[in-house]
Amino acid sequence: MCRSIKTLRPPAIPEKATEEEIRAAALQYVRKVSGFRAPAAHNVEVFDSAVDAIAEATRDLLDGLQVRGAPAPA
C-alpha cells in the first residue's frame with residue numbers, strides 16, 4: 001500500500017501509538033487513496049472528514065488488537 005505508513009502496534013513500536021502517529025497514518029492513507037496531497041478548496045471538508053474517520057477506526061483497531069506474547073493492558 002503506502003510505504004510511509006508505519007506499523008503502530010507493539011512490538012513494532014515500544015509504546016502505545018500517539019494521537020499524532022495515528023493521525024499521520026490516516027492522512028497518508030487518505031492521500032494515497034484520493035490521489036491528492038492536499039485537497040482543492042471544494043474537497044477540504046470531505047478530505048478532513050475521511051482523515052477523522054480513519055483515525056478513529058485506527059484507534060479502535062489498535063485498542064482492540066490482542067498481540068500474542070504482549071503483556072495485557074493495565
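All residue numbers in this chain count up from 1 along the given sequence.
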Undergrad: Following the transitive rule for hydrophobic clusters with a side-chain heavy-atom cut-off under 4.5 Å over Ile, Leu, Val, Met, Phe, Trp and Tyr, establish whether Leu61 and Ile54 coincide in one cluster.
TA: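 No: no chain of side-chain contacts under 4.5 Å links Leu61 to Ile54.
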Undergrad: If I take atom CZ from residue Arg37 and atom CG from residue Leu27, how far apart are they, to the nearest 0.5 angstrom?
TA: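 Rounded to the nearest 0.5 Å, the CZ-CG separation comes out at 8.0 Å.
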Undergrad: Crowded around Glu20 CD? As in, over 12 foreign heavy atoms under 6.0 Å?
TA: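 It does not: Glu20 CD has 12 such atoms or fewer within range.
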Undergrad: Between Ser49 (side chain only) and Glu45 (backbone N and O only), is there a donor and an acceptor less than 3.5 Å apart?
TA: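 Not at all, since once roles are kept as given, no pair shorter than 3.5 Å links the two residues.
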Undergrad: At their closest point, which heavy atom of Ala26 faces which heavy atom of Ala55, and how far apart are they?
TA: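 The answer is CB-N, 3.7 Å.
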Undergrad: Is the closest side-chain heavy-atom distance between Glu56 and Arg59 below 4.5 Å?
TA: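 Contact flag for Glu56/Arg59 side chains = yes.
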Undergrad: Do Phe47 and Val33 land in one hydrophobic cluster if side-chain heavy atoms of ILVMFWY residues count as linked below 4.5 Å?
TA: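 Yes, same cluster.
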Undergrad: Any heavy-atom pair between the side chains of Lys16 and Leu8 that's under 4.5 Å?
TA: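 With C-beta onward as the side chain, the pair stays apart.
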Undergrad: So, taking the atom named CG in Asp60 and the one named CD1 in Ile22, what distance separates them when rounded to the nearest 0.5 Å?
TA: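 Reported to 0.5 Å precision, the distance equals 9.5 Å.
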Undergrad: Working to the nearest 0.5 angstrom, can you tell me the gap between Glu15 CD and Glu21 CD?
TA: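 Output value for this atom pair is 9.0 Å.
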